[in-house]
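Counting starts at 1 for both ligands and their atoms, following the listed order.
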Amino acid sequence: MFKTYLESSKNNIEQWLGEILKSPNTEYAPLYESMEYSLMQGGKRIRPILTQAVLEMFDKIPADYKEFLCAMECIHTYSLVHDDLPAMDNDDYRRGNLTNHKVYGEGMAILAGDGLLTYAFQLMGSNRTASAEQRIKAISCVAKAAGPEGMVGGQAFDLLSENRHISLEELKVLHRGKTGALFNSAVELGLILADADANTYRAFMEYANCLGLLFQITDDILDVTGTIEELGKTPGSDIRQHKSTYVALLGLEEAIRQAHMVGNQAHDALKSVAYDTAILESLIDYLLERTN
Ligand code: GRG
């Protein structure tokens, strides 16, 4: 049942994503092609699915908030396009295909990322279901998560940490920014748009924190255990770049143990919630068992 939920949510989101990018003229069409190339290349769509699951828990109709769901994926895709650039991770493959700069060149890949990031905010501002107050809160929340206090900050720390040993505490700071911040905002978006009460908010943010960390630990594990076919990109990039990861710092066995421990903490966080959390619980197990 959960598998069906994931597939149908992904299909809906991809249909909406397929409708949002329209070049205003023929001159800008190459930029839009480059943006669409990365946006429409699959991926798990886990961040908008997370927002959707929270919205549904509060009996909200996801289609009414599709601009927010698409915005999450636009921002995530921008981060991947920029992360793959020669100045960052210098990767040739992403989601099973050549990376954006390999197809369109570095300049256009930078602009495609810039375009996806800024368009995400245009999209959120254009939603007509959320109140003006909800939109401002939602936009501020996502900006904080994606910007220097969140993902960009984490990425900068990651860049500076290459080829040097960092402690587990520093690694957690890195992950909280680079991966966790956007995960948190995916959950928080749903809470803002549903006007969740303070207690529910607290419980869900604890869940989101654990989920982001769990996602990153499994990402570190998959870089060692995954294959190019499963991952859609070359495994072992963390080792090649001498990055500190959960596996590098703790060993594979302990990293797997920590992933399960954080998964249990995520389940615990949902125990106090008076809503149907079945989908959110399944998401924890899905992230624990994922192979890509
Ligand atoms: C360039 C500002 C900037 C940030 C980049 C997201 C990120 C920060 C870097 C990506 C590198 C990486 C492997 C990060 C770890 C976790 C992560 C975000 C993995 C990719 O996300 P998935 O697994 O990808 O959700 P799909 O393809 O399924 O969407």
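Of the candidates H175, H76, K44, M151, K44 brings a heavy atom nearest to atom 28 (O) of ligand 1. Checking Q155, R94, Q41 against atom 3 (C) of ligand 1, the nearest heavy atom belongs to Q155. The residue from G177, S79, G150 that puts a heavy atom closest to atom 6 (C) of ligand 1 is S79.
Using a 4.0 Å heavy-atom cutoff, R47 is listed among the residues neighbouring ligand 1.
At least one side-chain heavy atom of F183 sits under 4.5 Å from a side-chain heavy atom of L287.
Atoms of ligand 1 lying under 4.0 Å from any heavy atom of G43, numbered from 1 in the order shown and given with element: 26 (P), 27 (O), 28 (O), 29 (O). Close approach of ligand 1 to R95 is summarised as follows: ligand atoms under 4.0 Å from at least one heavy atom of the residue are 26 (P), 27 (O), 29 (O). With ligand atoms numbered from 1 in the order given, ligand 1 contributes 2 (C) to contacts under 4.0 Å with heavy atoms of Y78. Close contacts between ligand 1 and H82 involve ligand atoms 1 (C) [criterion: under 4.0 Å to a heavy atom].
Residues that satisfy the salt bridge (Lys or Arg N to Asp or Glu O under 4.0 Å) test with D220, not counting sequence neighbours, are absent from this structure. In terms of the salt bridge (Lys or Arg N to Asp or Glu O under 4.0 Å) criterion, residue partners of D158 (sequence neighbours excluded) are, by chain and number, K178, K243.
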> Given the rule in the salt bridge (charged side-chain N to carboxylate O under 4.0 Å, His left out) test, do R202 and E206 qualify, once you have shown the distances and angles that lead to the verdict?
Replying inline: CA-CA 6 Å; R202 247 191 312 277; E206 170 64 17; over 6 Å; no
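Judged by distance alone, the side chains of Q41 and Y37 do bring a donor and an acceptor atom under 3.5 Å apart.
Relative to the six-membered ring of F215, R290 meets both conditions, a distance below 6.0 Å and an angle of at most 45° to the axis.
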